[in-house]
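The structure appears below as structure tokens.
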Amino acid sequence: MGSGRHGAARPPIGVLVQQDRIDFSLYTSIIVIALAVMVLIGIGWASIAFWLTVVPVVIAGALIVRRINRLARDELGNDELL
């Protein structure tokens with residue numbers, strides 16, 4: 001068997017978020033504003049405005065997941081250089 005890291009653990013999400021606090025705060029503010037618009041306007045499922053406010057929530061969620069994955073890969077890649 002060769003040496004190397006098999007099944008290397010990913011860094012905690014909190015550590016990754018601390019590396020890019022500004023990006024994650026922007027993504028979170030997009031989600032919060034979209035949800036606030038949904039609640040304050042009181043739009044229902046049948047309204048086109050509801051579905052237009054769902055779009056930024058889904059996109060911001062996808063961007064958060066992609067950013068966390070990218071930061072984790074970068075973090076693991078840096079550990080293998082040592």
Side-chain angles (χ1 to χ4, degrees):
M1 296 213 171
S3 64
R5 292 177 59 159
H6 299 287
R10 294 175 64 173
I13 291 177
V15 171
L16 298 175
V17 169
Q18 287 297 322
Q19 290 178 359
D20 254 352
R21 282 180 276 166
I22 294 174
D23 284 348
F24 287 106
S25 64
L26 289 173
Y27 297 146
T28 305
S29 65
I30 290 169
I31 292 172
V32 168
I33 290 170
L35 292 175
V37 167
M38 283 185 207
V39 170
L40 293 176
I41 295 178
I43 50 183
W45 291 97
S47 173
I48 190 77
F50 174 82
W51 295 106
L52 289 176
T53 54
V54 168
V55 171
V57 172
V58 172
I59 291 172
L63 288 173
I64 287 172
V65 170
R66 287 187 57 173
R67 189 70 181 142
I68 287 174
N69 285 335
R70 176 63 185 227
L71 289 171
R73 273 190 272 125
D74 289 347
E75 186 77 20
L76 290 176
N78 291 340
D79 285 345
E80 291 181 5
L81 294 175
L82 296 177

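Predicted, not measured: the structure shown is a model, and the values here were computed from it. Hydrogens, waters and symmetry mates play no part in the numbers below; they use all other heavy atoms, side chains included.
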Is there a continuous path of hydrophobic side-chain contacts, each under 4.5 Å between heavy atoms, that joins L35 to V54? yes
Side-chain heavy atoms of F24 within contact of L16, under 4.5 Å: no
Separation of L63 CG from I68 CD1 (nearest 0.5 Å): 11.5 Å
More than 12 heavy atoms from other groups under 6.0 Å of CG on L40: yes
To the nearest 0.5 Å, atom CZ of R67 lies from atom CD of Q19 at 8.5 Å
Can you tell me how far the CD1 atom of I64 sits from the CG atom of D20, to the nearest 0.5 Å? 12.0 Å
Just how far is it from atom CD1 of I41 to atom OG1 of T53, taken to the nearest 0.5 Å? 7.5 Å
Taking V37 as the starting point, is it possible to reach V39 by hopping between hydrophobic residues whose side chains are less than 4.5 Å apart? no
Please answer: with hydrophobic residues joined when any side-chain heavy atoms are less than 4.5 Å apart, are Y27 and V15 in the same cluster? no
What about V58 and V55, same hydrophobic cluster or not, with Ile/Leu/Val/Met/Phe/Trp/Tyr joined at side-chain heavy-atom distances under 4.5 Å? yes
Would you name the heavy atoms of G61 and I31 that are closest together and state the gap between them? N-CD1, 4.3 Å
Applying a strict under-4.5 Å side-chain criterion to I, L, V, M, F, W and Y, I'd like to know whether V57 and V32 cluster together. no
Rounding to 0.5 Å, atoms CG (L26) and CZ (R21) come to a distance of 13.0 Å
